[in-house]
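Residue numbering restarts at 1 for every chain, and letters A, B, ... go by the order of the sequence lines.
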Amino acid sequence: MNIQEVLTIKVKEAIQELFSAELPNVEFQPTRKDFNGDITVVVFPMLRVVKGNPVQIGTQIGEYLKKEVPEVADFNVVKGFLNLVIADAFYINFFNSIKEEAHFGYAKKDSKEAVMVEYSSPNTNKPLHLGHIRNNLLGYSVAEILKAAGKKVYKTQIINDRGIHICKSMLAWQRFGNGETPESTGLKGDKLVGNYYVAFDKAYKAEVAELVTNGTAKEVAEKEAPILVAAQDMLRKWEAGDAEVVSLWKTMNQWVYTGFEVTYKNMGVDFDQLYYESNTYLLGKDVVTDGLEKGVFFKKEDGSVWIDLTDEGLDEKIVLRSDGTAVYMTQDIGTAIQRVKDYADVSGMVYTVGNEQDYHFKVLFLILKKLGFSWAENLFHLSYGMVDLPSGKMKSREGTVVDADDLMEDMAQTAAKISEELGKLEDYSSEEKDKLYRMIGMGALKYYILKVDPKKRILFNPEESVDFQGNTGPFIQYTYARIQSILRKAESTGVHVSTAVSVDIDLHEKEKELLKQVQIFPDTIQLAAENYSPAVIANYTYDLVKEFNSFYQNVSILGEQDEQKKIFRVQLSSKVSKVIQDAFSLLGVEVPERM
RNA sequence: GGUCGCAUAGCUCAGCUGGAUAGAGCAUCUGCCUUCUAAGCAGACGGUCGGAGGUUCGAAUCCUCCUGCGAUCACCA
């Protein structure tokens, strides 16, 4: 039982005893730093049950608690706030009880229910860019957070490997490629293919311009440009299974996959299961037929099938074309159902997709609910804002993107530059340095992106590099490294960290603050999971680290004369570093032994 | 036009189910490396929480309206 639960019972008891009244619940908040105390009971809400002066009521409750609850060492009342001072022994007991836990704060895997988290889901016609980085980091992190909160998680992505955009790259390569391959050019496969996507757009625009010059209306020219018609023709051939087209498609997609693999590895993300749109794009049609019988959908005269969502404040949405072919929505319905077939324990899904698709997912979830799937109640669209540049939106086909690989490389180089200037790692080999610089660079980038609320759009200015000081990933990594340094030194000087600490020691104010911050880690993980928010973890970790640094600068650890206190401080530091490491692992950020 | 989202210090962001004098970082300015890593610490400066009403003992937080920005409303995906 934690202190709040104990106090809740005792406060209710006090109200019963002192005022013969029934208190429905007790409201707590951490005591503000400028007041004396650790936890505060808010008296105002009690006025509904107990009539009187809040200060007097608070004082009476305080006296009762001080007498009846050993953990309450003292109290004071300010206006309607009853500030309680919790005894040091309580914190020390808490610390001793969690000290040996491998992953303090992680919930036990209790639920048999699994969640499938989808993220990344790239198109195979171009390399990944900064927008994909946000998507990947969010999806990966939310998956890790859900795991830590006790859920079983499957990470997945649906690879958009077919469609007109793919054919555009293919066609441009056929026309302008001269048989180039990743091997012959030394280019990463996704980069090579992406170049042809850009080349297609260039050629297409030139053709449109030419048609317009010759008197064709712009709208007509945009539809009839020969290269576009050729791409559409290629898509039809692909759908018909044309051997030559399919072979080219396979070859070029493989180039892209090989390239993506490198990017994912550098980003530090992974997947448990892959879905390919080329396998799933025909799914969902039979479900529509079922739904039609059930009356969930209706058919229009031209044969197209729709759902009427006007009762929900939305409009009508098509689920099957008049020619009987599937649309985007049909596929997504089919794919969702397929996933539950593949993984029977899946009882919920998270879709990490940009906020321009808010409407689509709203509709998709509604349809699945109307079709009566129990798991449809647990669908969540992890919607995030766009990453824009000062020059505006990123557009792959116009080449105005911040490339994922380039950005990660830049981050590592910035980290290298700063590290070299500080010059603390002269004895590291170049391999060790390189590994460390990547870790720090990625730490900066990941933290920078994950610390902000997913809903907010990010304006990314490549000119102003991502920070390495203050509320940043490297700041937190640095603190971790610093603690490791202390631990190494402690070990070499023979401090016995396994010894239990006596409850009799007096806690320094900084130690107490640190313990309070450690204590809320489990709740923080649950909160982050409930809100699907890595930002909650990021901000928690920052607060913890700030607290530790303050402790570190104000209190001597290894220089402490009292052996008990010294051991306790080393143990506390060790535990804090473990929490930092675990919290950062939920963000997909690694921590270094030195930096 | 309808719907959804966002708006907090010069800049970038926190602020949990309504609670005390709204918090960090960056930038600017002061101090602190002969003691455990100064990517740090301690401090100063900086706010009509977009605007107006309302609910409440109490509103950045909840409700209504308005303004600004973004997204979306395809037999594209």
Side-chain angles (χ1 to χ4, degrees), chain A residues 27 29 31-35 40 42-45 47-48 54 78-81 83 123 160 162-165 277 281 300 302-306 313-315 317-329 331-332 354-360 362-363 383 385-386 388 415 418-419 421-422 424 440 444 448 451-453 455-459 461 464 467-479 481-490 493 520 523-524 527 530-531 535-536 538-540 542-543 545-546 549-560 569-570 573 594-595:
Chain A
E27 214 172 297
Q29 56 181 292
T31 304
R32 285 180 63 110
K33 289 250 164 76
D34 30 2
F35 294 96
T40 295
V42 189
V43 182
F44 294 111
L47 297 178
R48 279 185 259 273
V78 181
K79 291 193 245 179
F81 299 94
N83 302 321
N123 291 337
N160 300 302
R162 49 137 256 138
I164 188 71
H165 48 288
E277 200 200 345
Y281 81 110
K300 288 198 176 175
D302 62 4
S304 57
V305 181
W306 299 69
L314 307 172
D315 52 8
K317 194 86 191 167
I318 190 162
V319 292
L320 211 58
R321 291 194 188 100
S322 51
D323 62 6
T325 55
V327 292
Y328 179 37
M329 188 63 73
Q331 288 177 46
D332 271 7
N355 65 4
E356 75 273 14
Q357 297 205 36
D358 284 356
Y359 185 70
H360 172 78
K362 210 173 189 177
V363 172
S383 164
M386 296 287 99
D388 291 330
I418 293 171
S419 286
E421 277 166 11
L422 292 171
K424 295 179 189 172
I440 298 170
Y448 173 82
K451 78 171 177 187
V452 317
D453 184 339
K455 286 200 289 288
K456 292 193 174 170
R457 57 187 271 258
I458 293 180
L459 190 68
N461 190 344
E464 301 166 14
D467 275 337
F468 283 69
Q469 274 164 5
N471 187 358
T472 67
F475 166 66
I476 293 167
Q477 289 172 320
Y478 173 72
T479 304
R482 223 183 197 179
I483 297 173
Q484 298 319 301
S485 171
I486 292 173
L487 297 180
R488 282 191 295 270
K489 208 158 279 182
T493 54
I520 61 173
D523 290 343
T524 304
L527 187 69
E530 281 162 27
N531 294 303
V536 168
N539 288 314
Y540 165 82
Y542 177 65
D543 290 340
V545 161
K546 263 193 75 88
N549 280 329
S550 181
F551 162 71
Y552 175 89
Q553 300 271 357
N554 285 289
V555 180
S556 181
I557 298 168
L558 296 174
E560 172 59 45
R569 286 176 189 169
V570 170
S573 301
R594 286 175 56 188
M595 72 184 270

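The residue A/Asn160 sits apart from the nucleic acid: no heavy atom pair falls under 4.0 Å. Heavy atoms of A/Pro45 sit under 4.0 angstrom from at least one base atom. At the heavy-atom level, A/Tyr448 lies nowhere under 4.0 Å from the strands shown. At the heavy-atom level, A/Phe44 lies under 4.0 Å from base atoms of the strands shown. Among the atoms of the strands shown, base atoms are found under 4.0 Å from some heavy atom of A/Ser322. Among the heavy atoms of the strands, none lies under 4.0 Å from A/Ala535. Using a 4.0 Å heavy-atom distance criterion, A/Met386 is classed as making no nucleic acid contact. Within 4.0 Å of A/Gln29, counting heavy atoms only, lies at least one base atom of the nucleic acid. Residue A/Phe468 is in base contact, counting any heavy-atom pair closer than 4.0 Å across all strands shown. Nucleic acid contact class of A/Asn461 (heavy atoms, under 4.0 Å, all strands): none. Within the 4.0 angstrom heavy-atom criterion, only backbone atoms of the sugar-phosphate kind lie near A/Ile486; the bases stay farther away. A/Ile440 comes within 4.0 angstrom of a base, heavy atoms only. A/Val545 comes within contact range of no nucleotide atom at all, as no heavy-atom separation falls under 4.0 Å. At a threshold of 4.0 angstrom between heavy atoms, the contacts of A/Asp453 are confined to the sugar-phosphate backbone, with no base atom among them.
OP1 and OP2 of B/G40 both lie 4.0 Å or more from every side-chain N or O belonging to A/Asn549. Of the side-chain N and O atoms in A/Arg321, one or more sit less than 4.0 angstrom from OP1 or OP2 of B/C76. Between B/G25 and A/Lys546, a contact under 4.0 Å exists linking OP1 or OP2 to a side-chain N or O. Proximity of A/Lys451 to the phosphate of B/U12: no side-chain N or O atom is located under 4.0 Å from OP1 or OP2. The phosphate of B/C13 (OP1 or OP2) has no side-chain N or O of A/Lys455 nearer than 4.0 angstrom. Contact annotation: A/Arg457 does not reach the phosphate of B/G70 (side-chain N/O to OP1 or OP2, under 4.0 Å). Look at A/Lys79 and you'll find a side-chain N or O under 4.0 angstrom from OP1 or OP2 of B/U21. Of the side-chain N and O atoms in A/Ser573, none sit less than 4.0 angstrom from OP1 or OP2 of B/C36. In this model, the phosphate group of B/A39 is approached by a side-chain N or O of A/Tyr478 to a distance below 4.0 Å at OP1 or OP2. At the phosphate of B/G19, neither OP1 nor OP2 sits under 4.0 Å from any side-chain N or O atom of A/Arg32. Taking side-chain N and O atoms only, A/Ser485 has no distance below 4.0 Å to OP1 or OP2 of B/C36. Between A/Lys362 and B/U72 there is no side-chain N or O to OP1 or OP2 distance below 4.0 Å.
Taking every side-chain heavy atom of A/Lys456 into account, B/A14 is the closest of B/C41, B/A20, B/A14. With B/G19, B/U37, B/G25 as the candidates, the nucleotide lying closest to the side chain of A/Asn471 is B/G25. Of the candidate nucleotides B/U21, B/A77, B/C36, B/U21 has the atom nearest to the side chain of A/Asp34. Among the nucleotides B/A14, B/A77, B/G5, the one closest to any side-chain atom of A/Asn539 is B/A14. When distances run from any side-chain atom of A/Arg48 to the nucleotides B/C57, B/A39, B/U37, the shortest one goes to B/C57. Distances from the side chain of A/Tyr552 to the nucleotides B/G19, B/A38, B/C16 place B/A38 closest.
Across all strands shown, B/U56 forms no Watson-Crick or G-U wobble pair with both distances under 3.5 Å. The nucleotide B/U17 finds no pairing partner, because no Watson-Crick or G-U wobble arrangement with both distances shorter than 3.5 Å includes it. Base pairing annotation: B/A22 forms no Watson-Crick or G-U wobble pair, as no partner gives both donor-acceptor distances under 3.5 Å. In this entry B/G68 has B/C6 as its Watson-Crick or G-U wobble partner, both defining distances falling under 3.5 Å. The pairing partner recorded for B/C36 is none, the criterion being a Watson-Crick or G-U wobble arrangement whose two distances lie under 3.5 angstrom. When Watson-Crick and G-U wobble pairs are counted only if both distances are under 3.5 Å, B/G1 pairs with B/C73. Pairing for B/A42 goes to B/U30, judged as Watson-Crick or G-U wobble with the two contacts each under 3.5 Å. The partner of B/U48 cannot be assigned: no Watson-Crick or G-U wobble pair with both contacts below 3.5 Å exists in any strand.
Only the P atoms considered, B/C4 is 10 Å distant from B/U64, to the nearest whole Å. Rounded to the nearest Å, the gap between the P atom of B/U30 and that of B/U37 is 29 Å. Here the separation of B/G19 from B/A38, taken at their C1' atoms, is 39 Å to the nearest Å. Atom name C1', nucleotides B/G43 and B/C62: the rounded distance is 38 Å, in whole Å. Atom C1' of B/C73 sits at a distance of 41 Å from the matching atom of B/G58, rounded to the whole Å. Rounded to whole Å, the separation between the P atoms of B/A39 and B/C33 comes to 15 Å.
Residue order along RNA chain B, read from the 5' end via each residue's closest nucleotide, puts A/Ile458 first among A/Ile458 and A/Glu27. Mapping A/Leu527 and A/Asn83 onto RNA chain B by nearest heavy atom places A/Leu527 closer to the 5' end of the strand.
In the interface, the side chain of A/Thr479 is not paired with the base of B/A39 through any donor and acceptor atom under 3.5 Å apart. Judged by distance alone with a 3.5 Å cut-off, no donor-acceptor contact links the side chain of A/Thr472 to the base of B/A39.
Atom CD in A/Glu356 sits about 13 Å away from atom C1' in B/C4, given to the nearest Å. Put simply, OH on A/Tyr540 is 19 Å from P on B/A24, counting in whole angstrom units.
In this model, no donor atom of one side chain and acceptor atom of the other lie less than 3.5 Å apart for A/Asp523 and A/Tyr540.
Look at B/C26: its glycosidic torsion is beyond 90° from 0, and that puts it in the anti range.
At least one donor-acceptor pair closer than 3.5 Å links the side chain of A/Thr493 to the backbone N or O of A/Lys489. A donor-acceptor pair is defined here as one N or O able to donate and one able to accept, closer than 3.5 Å; no such pair exists between the side chain of A/Lys362 and the backbone of A/Leu314. A donor-acceptor pair under 3.5 Å is absent between the side-chain atoms of A/Arg482 and the main chain of A/Asn549, judged by distance alone. The main-chain N or O of A/Ser556 is found under 3.5 Å from a side-chain atom of A/Arg569 such that the two form a donor-acceptor pair. The closest donor-acceptor contact from the side chain of A/Thr479 to the backbone of A/Phe475 lies under 3.5 Å.
Across all non-hydrogen atoms, the minimal contact from A/Gly354 to A/Ser383 is C-OG, 4.4 Å.
For A/Phe81 and B/A20, the ring-to-base geometry satisfies the stacking test (centroid distance below 5.5 Å, interplanar angle below 30°).
The aromatic rings of A/Tyr328 and A/His360 sit parallel, their planes meeting at an angle under 30°, below the 60° perpendicular limit.
A/Tyr478 is not listed as a side-chain neighbour of A/Val545, based on a closest heavy-atom distance of 4.5 Å or more.
Residue A/Lys455 places its NZ atom among 12 or fewer non-hydrogen atoms of other residues, nucleotides or ligands, all under 6.0 Å distant.
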**OP:** Let me see the working for A/Asp323 and A/Arg321 under salt bridge (Lys or Arg N to Asp or Glu O under 4.0 Å), right down to the final yes or no.
**Re:** CA-CA 5 Å; A/Asp323 62 6; A/Arg321 291 194 188 100; 5.1 Å; no
